[in-house]
Protein chains: 2
Amino acid sequence: MSASGVRARVRAEMTEEIKTVARRHLATDGANLSLRAVARDVGMASSAVYRYFASRDDLLTALIIEAYDGVGAAAETASARPAEGQADRLLALSHAVRDWALADPHQWALIYGSPVPGYQAPQDTIGPATRVIMAIAAIVQAGYQAGEIEPRPEPTGRYVEELTAVAEQFGPNVPPRLVGSAMSAYFQLNGAVSAELFGQLKNSVDDDRRGFFEFQMRGAAAFIGLT
Amino acid sequence: MSASGVRARVRAEMTEEIKTVARRHLATDGANLSLRAVARDVGMASSAVYRYFASRDDLLTALIIEAYDGVGAAAETASARPAEGQADRLLALSHAVRDWALADPHQWALIYGSPVPGYQAPQDTIGPATRVIMAIAAIVQAGYQAGEIEPRPEPTGRYVEELTAVAEQFGPNVPPRLVGSAMSAYFQLNGAVSAELFGQLKNSVDDDRRGFFEFQMRGAAAFIGLT
DNA sequence: CCATAACGAGAGCACTGCTCTTGTATTTCC
DNA sequence: GGAAATACAAGAGCAGTGCTCTCGTTATGG
């Protein structure tokens, strides 16, 4: 048992070291992660890496999961901090996500870049992937229960029925437009961050990008009805 | 001259065929475009392709330019159609962009996927890349001149000065918040389309995605102040 | 203590982007 | 028209990739 524990511990350490080196490579060389180069840096034969990750894609998936957990944790931490109201909480969460992305753009690109059609996200990723939107949902729900959301006419359409089905998972009588506008806020957040990282603000907003980002996210909060 | 014209014409045809085959490969095999595989399909040695494109990246850049021109043209065409008002024009443009992306997700991924930090867009791409946002700007400006935009308090902050500088390129006394909210609408458009293509709507909105998309873009229009 | 399983290293396969050389058309100049 | 210059296509070759297989070595568990 304790003997077998040695091997298990060594294996865990090796797995972690491979991921660490891979993350470093990703941050410097970009998205084209080379398993052989990682193996060289770790100091082992490339074939030995396959004892830890079945394929290069598996390694990338592991990094993707960690990245999702990274933004998710940043969002949750910011959301947990005391704030004046739910609108401010949403802004704090948004800034935390943006800051996380700016600190490590390659990790952001790993999870929100290249929407490859047909890509089947492994089962392990879908949990961590939902942390940010769930944090947003919690804020909106808190705002709704606190009466901080100004009433609006409910939209109509088939999609509203689908949103209603989602809304029921959060409680009875939750307005579907809140689900829709919360999702919209999440997509807006992703879009604004990606746009900034992609360089779309160049020659337009070069100085106060943080301020412009907040301007955009205030729009998202207003769409939800958060005052 | 006519003799040299033959060679030039053949060259143009070859260039076009390579791009066509490459686009097909991109649509089927995904982003990992193999120059050698393209060469095989065209029926020439891989080294011969380098007479037409200096590198694989150059080929990709050419495809990127064409993709930008593709969405740009779709957006402009939709924007040119008669509409009830500028809000409807913006919705039509948005749907056109979404339809274009749904028809060829890989081309969308090519231009709006993978925000690779430090990637320097070649000079040739920045023109076509701005067609969509310029079409949006034209709609907002038309709405402003037609008095279809309800007045709002101007925001404050350093970024507003930067937006003012941009606004002056469109005419005197154009409110900076219109520039900001127009850009925001563009980023929201990109975010909503990317989210749908990325599969983020799965298990939430599976049926009426078009309706939900319109819901989101109506929010963007409202943020601009388009009634 | 010994069979079993886990592991690391190396060779090898098929593939990639790209360069260089060689031979062949084609254009341009005299 | 013929000769020099140019454009082009093909092939070999280099360095790199992901991945597989084999072969010793080392640790584990009965």
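By convention in this document, chain letters (A, B, ...) are assigned in the order of the sequence lines, proteins followed by strands, and residues within each chain are numbered from 1.
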Using OP1 and OP2 only, check whether a side-chain N or O of [X] sits under 4.0 Å from [N].
X      : N       : value
S34(B) : dT16(C) : yes
R11(A) : dG8(C)  : no
R36(A) : dT16(C) : no
R56(B) : dT16(C) : no
Y52(A) : dG8(C)  : yes

So, do F223(A) and F215(B) have ring centers that fall under 6.0 Å from each other? yes

Given side chains that start at C-beta, do those of K19(A) and E16(A) come closer than 4.5 Å, heavy atoms only? yes

Can you tell me how far [atom2] of [N] sits from [atom1] of [X], to the nearest Å?
X      : N       : atom1 : atom2 : result
M14(A) : dC7(C)  : CE    : P     : 10 Å
Y50(B) : dT16(C) : OH    : C1'   : 9 Å
H25(B) : dC15(C) : NE2   : P     : 14 Å
F53(B) : dT16(C) : CZ    : P     : 18 Å
D57(A) : dT17(D) : CG    : P     : 16 Å
R40(A) : dT17(D) : CZ    : P     : 5 Å
L35(B) : dA9(D)  : CG    : P     : 14 Å
M44(A) : dT25(D) : CE    : P     : 19 Å

With nearest nucleotide decided by heavy atoms, which residue, A37(A) or S46(B), maps closer to the 5′ end of DNA chain D? S46(B)

Nearest-neighbour nucleotide for the [X] side chain, [options] considered:
X      : options                   : result
R51(A) : dC19(D), dG8(C), dG11(D)  : dG8(C)
S47(A) : dC20(C), dG18(D), dT20(D) : dT20(D)
A48(A) : dG11(D), dC18(C), dA9(C)  : dA9(C)

For the student: nearest non-hydrogen atoms of [X] and [Y], plus distance:
X       : Y       : result
S184(B) : Q188(A) : OG-NE2, 4.0 Å
I224(B) : R177(B) : O-NH1, 3.0 Å
L60(A)  : L33(A)  : CD2-CD2, 4.0 Å

Using a 4.0 Å heavy-atom cut-off, does L33(A) contact any base of the nucleic acid, only the sugar-phosphate backbone, or nothing at all? sugar-phosphate

